[in-house]
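This is a predicted model, so every value here is computed, not measured. Counting starts at 1 for both ligands and their atoms, in listed order.
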Amino acid sequence: MKRDFLVLEDFELEGKKILVRVDINSSINPENGEILDDTRIRRHAEKTIKYLADKKAKIVIIAHQSRPGNLDFVPLEKHAEKMSEIINKRVKFIPDICNAKAKKAIRDLKKNEILMLDNLRFHDDEINVREYNGRNFEPQEKTEMVKSLAPEFDLFVNDAFATAHRCQPSIVGFSSEIPTIAGKVMENEIEQLNKALKGKGNPSLLILGGSKAEDSVKIATNFLERGIDKVLTGGLVANIFLTASGIDIGNSSKDYIKNKIKNHKEIISKAKELIEKYPKNIEMPNDIALNCGGFRKGILCEEFDSKAFVENLSDRCPVNDIGVETVVRYITEINKAKKIIANGPMGVFEEKEFSGGTMEVFSAIAKSEAYTVVGGGETAAAFNMYGLKNDIDHISTGGGACISYLAGKFMPAIEAMKRNKEKFSKK
Ligand code: 3PG
């Protein structure tokens, strides 16, 4: 297969000192620091780290956990323990990133040994140097973190797809100095998401829910332009499209949109343009469930063309789920589809009263014979919660990264890998 970045099979790895960027940012119990969900750690450990260890490389893992100020902004010691457990092999942890302790441990490393450095976001460079200057990655390449670590390594493996939309030194800074290779997780994510973007399969469906409405309108645009047959909407995304088509979703939901999305007017107007351009391809709920003091209240849209729900929604109850009729309509579409891409839940699925729409729609996706790809942190969590994750062809490790990739946005990590291939293939 023709790829515009280097992969592990392109290199002799035995005895090579390899810096591996993974994304093991995980849910952590703030009380005792225990890792609550090891999905990302498992994916990197089983796919890339084990592969490199079997090839007898000298492996140094770098990663981040959370952001400064959060309760789960913790060292990576427990992550290293968890990875050891998963691959049944010691992953030594050093509470340092690029100072003397880390360098000594890196230099002492033997073939087939694995070392994990500390949370990269403990270093100011990773926090402060994160904007793309629009041309190159020089600011990131010039950081102290990159300058002191890069000379220690033969190769840089970027496996952190879930952070591929970020432009931090650990993601893009090493690629001007050392050959940069996509790890197995990165390679697989790009391959699967490309398959979802380009692959044939008619009818093809895009199911968009959740609260990242701005990204979702971009994803919808990207897929409709590429010829997707239908876009089914739920969650806040549906509220945007309902509003864009002139339907009153009630003051409470309207206020939520105004408070949550700064440029809501622009997004609603983009959604309106899409509805006008693709009138037959965008599906919206024709009934909804309101959260009236914690209780579910179903509301039907009498006639879609009448642009009004049966009852006046200008009260204090927000829209929290899609209704039963909509679920039935959406499941009919899902059952006909040959390719399904899903991103975002249909409602506030964390609350039992309002989890019905998401559960029914996601169960139908899992049962479908279609090629199925799901992405986004909340979506993956919902598939996990309902015990459906093994029935999906590809669940992306990425939240924001998956959404950005599907929306066709610039991905600094992937761009750095491409430029690196051009540079090192010429040598
Ligand atoms: C994620 O969890 O989506 C990634 O680890 C990126 O984290 P960030 O949004 O804090 O950069």
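With rounding to the nearest 0.5 angstrom, the OG1 atom of Thr358 is 9.5 Å from the CZ atom of Phe383.
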Identify every side-chain donor-acceptor pair in residues 336-350 under 3.5 Å, counting partners at least two apart or on other chains, and give the distances.
residue : atom : partner : partner atom : Å
Lys339  : NZ   : Ala196  : O            : 2.8
Lys339  : NZ   : Gly199  : O            : 2.6

Result block: side-chain N/O donor-acceptor pairs under 3.5 angstrom for residues 100-109, not counting sequence neighbours:
residue : atom : partner : partner atom : Å
Lys104  : NZ   : Asp108  : OD2          : 2.5
Arg107  : NE   : Glu152  : OE1          : 3.0
Arg107  : NE   : Glu152  : OE2          : 3.4
Arg107  : NH2  : Glu152  : OE2          : 2.6

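Under the 6.0 Å distance and 45° angle rule, Lys16 does not count as a cation-pi partner of Phe11.
Classified by interplanar angle (parallel below 30°, tilted 30° to 60°, perpendicular above 60°), the ring pair Phe156/Phe174 is tilted.
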Tabulated below should be the N or O atoms of ligand 1 paired with protein N or O atoms at under 3.5 Å; can you produce that?
residue  : atom   : partner : partner atom : Å
ligand 1 : 2 (O)  : Asn25   : ND2          : 3.2
ligand 1 : 2 (O)  : Arg40   : NH1          : 3.0
ligand 1 : 2 (O)  : Arg40   : NH2          : 3.4
ligand 1 : 5 (O)  : Asp23   : OD1          : 3.3
ligand 1 : 5 (O)  : Asp23   : OD2          : 2.6
ligand 1 : 5 (O)  : Asn25   : ND2          : 3.0
ligand 1 : 5 (O)  : Arg40   : NH1          : 3.4
ligand 1 : 5 (O)  : His64   : NE2          : 3.0
ligand 1 : 9 (O)  : Arg67   : NH2          : 2.7
ligand 1 : 9 (O)  : Arg166  : NH2          : 2.8
ligand 1 : 10 (O) : Arg67   : NE           : 2.7
ligand 1 : 10 (O) : Arg67   : NH2          : 3.2
ligand 1 : 10 (O) : Arg121  : NH1          : 2.9
ligand 1 : 11 (O) : Arg121  : NH2          : 2.9
ligand 1 : 11 (O) : Arg166  : NE           : 2.6

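Legend: residues meeting salt bridge (Lys or Arg N to Asp or Glu O under 4.0 Å) with Asp118, ordered by chain and number and at least two apart, are absent.
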